[in-house]
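In what follows, chains carry the letters A, B, and so on, assigned in the order in which the sequence lines appear, proteins first and then strands, with residues in each chain numbered from 1. Model, not experiment: these values are computed from the prediction.
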2 protein chains.
Amino acid sequence: MRNGRKGPTGRPRGFDTDEALERAMLVFWEHGYEGAGLSTLTRAMGISTTSMYAAFGNKEELFRKVLERYTEGPSAYLARALEEPTAREVAGAILAGTVRTTTRPAHPAGCLGVQGALAVSDSGQAVRDLLAAWRNDGCTRVRERFQRAVEEGDLPPETDPGLLARYVTTLAFGIAVQAASGVDREELRAMADAALGNWPIRP
Amino acid sequence: MRNGRKGPTGRPRGFDTDEALERAMLVFWEHGYEGAGLSTLTRAMGISTTSMYAAFGNKEELFRKVLERYTEGPSAYLARALEEPTAREVAGAILAGTVRTTTRPAHPAGCLGVQGALAVSDSGQAVRDLLAAWRNDGCTRVRERFQRAVEEGDLPPETDPGLLARYVTTLAFGIAVQAASGVDREELRAMADAALGNWPIRP
DNA sequence: CGATTTCCGTATCGATCGATGCAGAAGTCG
DNA sequence: CGACTTCTGCATCGATCGATACGGAAATCG
């Protein structure tokens with residue numbers, strides 16, 4: 001559709017796609033996939049429904065692009081945390097990043113990947129499955145990092161990397177729920193620090 | 001309205017209120033407050049929308065009654081756990097009960113109190129706040145139980161009961177999210193056991 | 001400029017949302 | 001039985017849902 005080799009270029013788009021996605025991300029983050037109506041979304045994006053459909057396809061594809069943006073933006077702390085030198089620092093960075101992102105002032109409380117579509121109607125199950133896969137993928141990446149830590153001798157050889165990854169992600173998802181409930185940032189940070197006081201947990 | 005002192009009794013209700021509430025609970029549990037439409041609810045309850053409004057008021061009041069039923073039914077493990085003799089056993093019972101309830105076969109995965117209304121549209125914020133208060137109330141009750149444990153010498157005197165309660169409930173909410181993502185029951189059970197391997201956590 | 005392409009504002013689609021009005025059936029009283 | 005009360009099935013309400021059709025405005029080409 002774009003850039004066929006023949007003919008004039010046509011009128012360029014009248015709005016910034018990146019900024020529109022950012023606005024849409026904040027709406028989905030606050031209200032969830034199904035709680036965010038087209039009217040609310042387009043009003044926040046500053047465009048009409050026609051422009052939204054022309055630029056992003058439909059509501060579900062808009063959400064998919066928003067989730068990509070979220071992964072590389074507010075949730076980028078995960079990828080950075082996986083590069084910490086020790087498993088203990090990886091876990092600490094994940095929890096600290098989760099607390100920071102889920103309780104940032106002037107941003108919606110909680111985590112888009114958790115509250116975006118936990119329980120939905122029949123028409124939203126595709127997005128529900130997408131987010132479930134997103135969460136499970138996060139846990140898998142943490143497990144692989146802990147597996148490497150075992151191989152490197154950073155973690156004791158009898159450590160179960162899957163168990164440990166499930167523990168850290170469970171804390172992270174729980175923090176997201178607490179944040180969505182209005183719990184204070186400092187309290188969550190203190191709790192996360194204390195949770196890693198005895199590290200690593202063992203089966 | 002019911003049982004005014006004058007006049008005949010009138011035609012009795014043609015369905016079992018308790019069973020209708022049970023069916024509604026399962027629908028809200030699976031689809032959330034806003035994801036459960038009146039047509040889905042009434043079909044599952046086996047009654048018409050008119051009967052639902054006559055018996056329960058409206059959708060929001062129906063949900064409130066469903067939440068009460070959930071608290072005294074699937075979530076009753078919390079009240080029982082608080083009566084365990086030691087703080088350590090309280091925490092263990094809470095996590096074991098959470099795993100059991102959020103992964104019970106033939107029941108919806110996850111926790112109604114978590115996925116019932118985490119992120120909603122403007123018209124659902126009353127229910128959202130209701131569930132946030134429900135979760136915070138659970139944390140408060142755990143904190144008060146741990147406070148008692150400190151006074152009884154069951155927990156070390158320097159223990160922070162609020163921190164410990166936040167830790168246990170964060171794990172519980174995280175378990176609910178994992179369960180909603182399809183994580184296996186046995187894996188969650190093993191993780192919960194390991195999480196309490198070093199008890200209590202300290203600030 | 002004129003031709004062509006694309007974007008965008010308005011108006012609207014059918015479906016579903018939660019919620020009711022109405023009338024008659026069904027049951028409980030004296 | 002007959003008076004009275006309540007429940008229930010059908011139809012429908014206005015609002016909103018996600019999604020489009022259409023046509024004019026705007027921008028880029030030769």
Side-chain angles (χ1 to χ4, degrees), chain A residues 1-17 19-20 24 27-28 31-66 116-117 119-128, chain B residues 1-17 19-20 24 27-28 31-66 116-117 119-128:
Chain A
M1 171 191 306
R2 185 71 43 89
N3 277 348
R5 73 186 50 130
K6 69 162 77 170
T9 312
R11 175 180 171 181
R13 185 169 290 132
F15 60 94
D16 184 348
T17 305
E19 185 166 328
V27 174
F28 277 132
H31 296 290
Y33 174 68
E34 289 190 325
L38 263 304
S39 65
T40 306
L41 281 166
T42 52
R43 198 182 321 122
M45 297 166 85
I47 62 178
S48 67
T49 63
T50 315
S51 300
M52 194 282 284
Y53 276 88
F56 303 104
N58 58 25
K59 188 188 177 186
E60 183 174 327
E61 289 197 29
L62 173 65
F63 184 83
R64 297 183 115 91
K65 277 151 189 155
V66 159
V120 292
S121 73
D122 295 319
S123 68
Q125 290 196 2
V127 172
R128 185 198 137 104
Chain B
M1 173 188 305
R2 185 71 41 90
N3 277 348
R5 73 185 53 131
K6 68 164 76 172
T9 312
R11 175 180 173 182
R13 187 168 289 133
F15 60 94
D16 184 350
T17 305
E19 185 165 329
V27 174
F28 278 131
H31 296 291
Y33 174 67
E34 288 190 324
L38 264 303
S39 65
T40 306
L41 282 165
T42 53
R43 198 183 319 122
M45 297 165 86
I47 62 179
S48 66
T49 63
T50 316
S51 300
M52 194 283 284
Y53 276 89
F56 302 104
N58 57 26
K59 189 188 178 185
E60 182 174 328
E61 289 197 28
L62 173 65
F63 184 84
R64 296 183 117 90
K65 277 149 189 158
V66 159
V120 293
S121 73
D122 295 320
S123 69
Q125 290 195 2
V127 172
R128 185 197 135 105

| query | Can you check whether A:Leu41 reaches A:Met52 side chain to side chain, under 4.5 Å on heavy atoms? | reply | no

| query | In terms of the angle between their ring planes, are A:Phe56 and A:Phe15 parallel, tilted or perpendicular, with boundaries placed at 30° and 60°? | reply | tilted

| task | Rounded to the nearest angstrom, tell me the gap between atom CD1 in B:Ile47 and atom C1' in C:dG18. | result | 15 Å

| query | With respect to the phosphate group of D:dG9, does any side-chain polar atom (N or O) of B:Ser48 fall under 4.0 Å of OP1 or OP2? | reply | yes

| Gap between atoms CZ and P, on A:Arg13 and C:dC8 respectively (whole Å) | 7 Å

| request: Would you kindly give the CZ-to-P distance between A:Arg43 and D:dT16, to the nearest whole Å? | output: 10 Å

| Over how many whole Å does the gap from B:His31 atom NE2 to C:dG18 atom P extend? | 13 Å

| said: Ring of A:Tyr33, cation from A:Lys59 - is the NZ or CZ under 6.0 Å from the centre and inside 45° of the axis? | reply: yes

| query | Of all residues at least two apart in sequence or in a different chain, which pass the side-chain contact (heavy atoms from CB on, under 4.5 Å) check with B:Ser48? | reply | B:Thr50, B:Ser51

Pick out the pairs of N or O atoms, protein on one side and nucleotides 18-20 of chain D on the other, that lie under 3.5 Å.
residue: D:dG18; atom: OP1; partner: A:Ala36; partner atom: O; Å: 3.4
residue: D:dG18; atom: OP1; partner: A:Lys59; partner atom: NZ; Å: 2.5
residue: D:dG18; atom: OP2; partner: A:Leu38; partner atom: N; Å: 2.6
residue: D:dA19; atom: OP2; partner: A:Tyr53; partner atom: OH; Å: 2.5
residue: D:dA19; atom: OP2; partner: A:Lys59; partner atom: N; Å: 3.3
residue: D:dA19; atom: O5'; partner: A:Tyr53; partner atom: OH; Å: 2.9
residue: D:dT20; atom: O4; partner: A:Thr49; partner atom: OG1; Å: 3.1

| message | Rounded to whole Å, please give me the gap between CZ in B:Arg11 and P in C:dG24. | response | 15 Å

| field | Side-chain donor or acceptor of A:His31 paired with backbone N/O of B:Val120 under 3.5 Å | value | yes

| message | Would the distance check show the side chain of A:Glu34 and the main-chain N or O of B:Glu34 forming a donor-acceptor pair, the cut-off being under 3.5 Å? | response | no

| message | Between P on C:dC17 and CG on B:Asp122, what's the gap in Å once rounded to a whole number? | response | 19 Å

| At under 4.0 Å, does any side-chain N or O of A:Ser51 touch on OP1 or OP2 of C:dC7? | no

